[in-house]
Amino acid sequence: MSPDLLLAAAIVAGTPILFAALGELLAERAGVINLGLEGTMLVGAVSGFIVAAETGSVWMGVIGSALCGALFGLAFAFLTITLRMNQIVTGLGFTILGGGLSAYFGSGYVGQPLPVSMARPDLGALADVPFLGVALFRHDFLVYIVLALAIGISFYIYRTRQGLVLRALGNSPDVLDMLGMNVTALRYLYVGLGTALAGIGGAYLSLVTTPTWIENMTAGRGWIALALVIFASWRPLWLMFGACLFGLVEALRFRMQIGESASAIDPHFLSMLPYAATVLVLVLISGARARMNAPVALGTAYDRESR
Amino acid sequence: MQTRPLVRFRGVNKSFGALQANVDVSFDLRPGAILALLGENGAGKSTIMNVLAGLYVPDSGHIEVDGERLALGSPRASVAAGVGMVHQQFRLVESLSGFENISLALHGGRILQPRSADAKLKALMEELGFNIDLATPVHAMSLARRQQLEILRTIAAGARVLVLDEPTSVLSAVETHGLFAIMRRIVASGRSVILISHKLTEVLEVADEVVVMRSGRVVHKGPTAGADPDALSRHIVGDRSFVTDARPERAAGEIVLRVDKLDVADHRGATVVHGADFAVRGGEVVAILGVTGNGQTELMEAIGGLRRPVSGQVEAPRHNKRRAFAYIPAQHLGTALAPGLVLRENAILGHQRRLGGRGWLQRHVLNARAGHVKGRFGVRIDEHEPVRRLSGGNLQRVVLGRELLDDPSLIVADYPTRGLDVASAAQIRSALVAAASKGAGVLLSSEEISESLAIATRVLVMHGGEVVADLPAAEADRERIGRLMTRGREAQ
């Protein structure tokens, strides 16, 4: 298989992971670890598909998935930020809840084809550049949106006033509180934004990649996105490369099962590769440096009167 | 001269669970004045200031700033009214640079983040006499620098009332005088400073007015000019006496601790203790004196078992390869105490195997032990609160109470009176002397020469990681020890 097609496939496969990982990065930078990412993606996938199928517009589907993802995330935020429940346990619960909710609401839509598809921008001459044209410039809108988002979020975090506040929020919420900022509202905001992005990541699967609704169609991509955030040490630009890397593993797995390049390797073994890569990456980067960048207050509810 | 007070506290009450932290607290703060809030650890000084800063909501009472009632329980309202507080534990984001930390408080309306200080901030630094490199990340700054950074941020954000909570506890003598000069410059411009302290001498040196608190109540208010130090100390401690027992007279007994050619490295791997070699006998009180950062803490940690020595040996009482002596580390929470557990649970840490002999812990045993620990040095705590809510002094009392409970034959204490008020420090010194008179060997580190000379039978002076002198306390004089502490062997 030609390398330009493989790179193109890697970018497409990495897009839903990058959406979810950027969302998780925002929440974790704010000090909230949302292990319910997988469930949030499923909620986004099913709501995106239903809205797109009923309205006949993929863009409405994308918006619907963002809203439903954010709604799901705000429920998580209420439990962990307002009621100060344990974020790990609540997150795991929301993974299961998301799986269940999406299966319930999607039961009437399983296996239906989507009548509409995501548009691709016409990049003119760029699309005809040898190698790069196929690899980079013939994708759908959401691919370019997520790449722009990664760059935009990086700029936001490191160059803007609110980005500085976000960096402080996950490390020392007490400082912001003392300076008169509303820690609770800020955390709600970032968890809401983050889960909206995760919802779009899920919808990318049911609107573009497959395009149909199948139960549990995220197949662990939420967990991969979580691992990716740690891999990238909470830096958005690194997420971009990490997502491409995982996309590549996934694309390879797919290509090695079909056509003339099909190998003699057991397909089940190949299906395992992205998850094995996740574990490997986490082991390789769980060194001191990755931990150093971790938001200090990650996973702890803020309580003003406790020291 | 009769000016309108800048801040008036009116009948403030605040309780935590069953503990009354503030009872009917009322006093005034004049503009341009340094007011000292004096009292023991746990007297309620920090609590009333946290109410002023909007961090705690009082049960009743109110506060006026410039004649206007302050909206209570809102840090934003307090900041807007011109109240700025520098906490004992600094409120800085360590991963951010000095400038970014200040910017958090200043540039609320901006969209893009400014990258360096503007002329106004530089002028303010000039006015206050600060020389801080604002590009440095906070985690790389010394404690004194961090404190200056917080003061700068607070004033840059428009504070007219600056509250400093125990600011000198992290400072050396020289840095303390620097801070006092800064405080005088701050009030010269019409702002006011509230200094929370338990050190009478520094209060008399720098403050204009003093308010003394005891057990949550205001017990004395007045100017510092012409104040009688003895009367003030009586206000601070009440009618309790606080005389330290003299050093033990008993002849030295068996060797209980032997430190043999010990080299210890710090957390970066640099060797900071070189060839420490000494012994402590039963009945002795041995004080290690040294300026902070000369290897005392690392030496004590190696003896206590927190730090593996690079080479050399420590021989100390052990039972089944476990430590069987009292060890009071410098850092309490997280090392000596589990912050999230209640007193009863903390009181048995380290003894849980022995006390749980039958395989489970018995409630009456736990309660009895907690009662002893609490009663020994008079800890004030609500039984059901996690110990992290305790003030620094109370934490120290809990650790000491637990460690001294089973009459250990050796007591190793890393600066056990650090940050304590006069009465508590005397109480703890007496307990150590009493243990030594009963035959225990005591090794303590300290920075206070007179305290150490009062109770020690022998003094070890550390400088540059070496024990540069080993003197019987009776022959040691302050001047000589001071020279040894600051200049090492060349002083001899």
Side-chain angles (χ1 to χ4, degrees), chain A residues 25 28-31 84 86 88 151-187 189 233-236 288-307, chain B residues 14 16-17 46-47 50 53-57 73-81 83-97 99-115 138-139 150 153-154 157 333 339-340 385-392 395:
Chain A
L25 181 131
E28 291 196 11
R29 281 275 188 178
R84 301 194 188 111
N86 182 306
I88 305 293
I151 296 165
I153 289 175
S154 180
F155 181 82
Y156 178 80
I157 288 177
Y158 295 110
R159 292 291 163 83
T160 69
R161 156 80 191 174
Q162 286 307 314
L164 179 69
V165 172
L166 176 58
R167 279 184 284 155
L169 184 60
N171 280 297
S172 313
D174 55 329
V175 174
L176 297 187
D177 188 27
M178 197 195 66
L179 294 175
M181 284 174 248
N182 189 334
V183 171
T184 304
L186 284 169
R187 286 193 164 172
L189 173 73
S233 300
W234 294 267
R235 287 171 295 192
R289 218 192 55 167
R291 277 197 299 272
M292 201 177 71
N293 271 325
V296 179
L298 186 61
T300 46
Y302 179 62
D303 178 5
R304 184 186 289 167
E305 295 202 2
S306 84
R307 280 175 283 174
Chain B
K14 170 74 183 167
F16 295 104
S46 294
T47 305
N50 277 318
L55 291 171
Y56 291 167
V57 186
S74 158
R76 182 191 285 267
S78 296
V79 170
V83 174
M85 180 157 176
V86 175
H87 293 260
Q88 220 173 338
Q89 265 117 23
F90 297 143
R91 301 293 173 96
L92 294 168
V93 187
E94 295 201 7
S95 55
L96 299 183
S97 73
F99 173 70
E100 286 171 326
N101 268 285
I102 292 178
S103 176
L104 275 174
L106 294 188
H107 303 124
R110 303 279 186 98
I111 292 173
L112 289 187
Q113 175 57 38
R115 312 197 74 162
V138 170
H139 62 76
E150 276 230 40
R153 177 176 72 186
T154 313
L333 283 181
E385 294 266 19
V387 295
R388 65 161 182 266
R389 295 236 182 205
L390 286 172
S391 67
L395 290 173

> Tell me, side chain or backbone of B:Leu96 under 4.5 Å from chain A's heavy atoms, or both, or neither?
Replying inline: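 Side chain only.
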
>> Looking at A:Arg161 and B:Ser103, would you say the former's side chain and the latter's main chain have a donor-acceptor pair under 3.5 Å?
In response: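 Checking the backbone N and O of B:Ser103 against the side chain of A:Arg161, a donor-acceptor pair under 3.5 Å is found.
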
> Can you tell me if B:Arg76 uses its side chain to pair, donor with acceptor, with the backbone of A:Met178 under 3.5 Å?
Replying inline: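 No, the answer is negative, given that no donor and acceptor are paired below the 3.5 Å cut-off.
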
>> If you apply the rule side chain to side chain contact (heavy atoms under 4.5 Å, CB included), what do you find for B:Val79 with A:Leu179, and how did you get there?
In response: CA-CA 7 Å; B:Val79 170; A:Leu179 294 175; 5.8 Å; no

> Between B:Ile111, B:Asn101, B:Asn50, which residue shows the highest count of heavy-atom pairs closer than 4.5 Å to chain A?
Replying inline: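 It is B:Ile111.
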
> Listed by chain and number, what are the side chain to side chain contact (heavy atoms under 4.5 Å, CB included) partners of B:Ser78, not counting sequence neighbours?
Replying inline: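 Scan of B:Ser78 (side chain to side chain contact (heavy atoms under 4.5 Å, CB included), adjacent residues dropped) gives B:Leu70, B:Val83.
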
> How long is the span from the OG atom in A:Ser172 to the CD atom in B:Glu94, to the nearest 0.5 Å?
Replying inline: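 Rounded to the nearest 0.5 Å, the OG-CD separation comes out at 7.0 Å.
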
> Checking B:Ala105 against chain A: side chain, backbone, both or neither under 4.5 Å from a heavy atom?
Replying inline: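 Both parts, heavy atoms under 4.5 Å.
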
>> For B:Arg110 and A:Leu164: C-alpha separation, side-chain torsions, deciding distance, then whether side chain to side chain contact (heavy atoms under 4.5 Å, CB included) applies.
In response: CA-CA 11 Å; B:Arg110 303 279 186 98; A:Leu164 179 69; over 6 Å; no

>> My understanding is that only residues two or more places apart in sequence, or in another chain, count here; which of them pass side chain to side chain contact (heavy atoms under 4.5 Å, CB included) with A:Asp177?
In response: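 So A:Asp177 forms a side chain to side chain contact (heavy atoms under 4.5 Å, CB included) with A:Val183, A:Tyr302, A:Arg304, B:Leu55, B:Pro75.
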
>> At a 4.5 Å cut-off on heavy atoms, which part of A:Tyr156 comes close to chain B: side chain, backbone, both, or neither?
In response: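 Looking at A:Tyr156, nothing touches chain B.
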
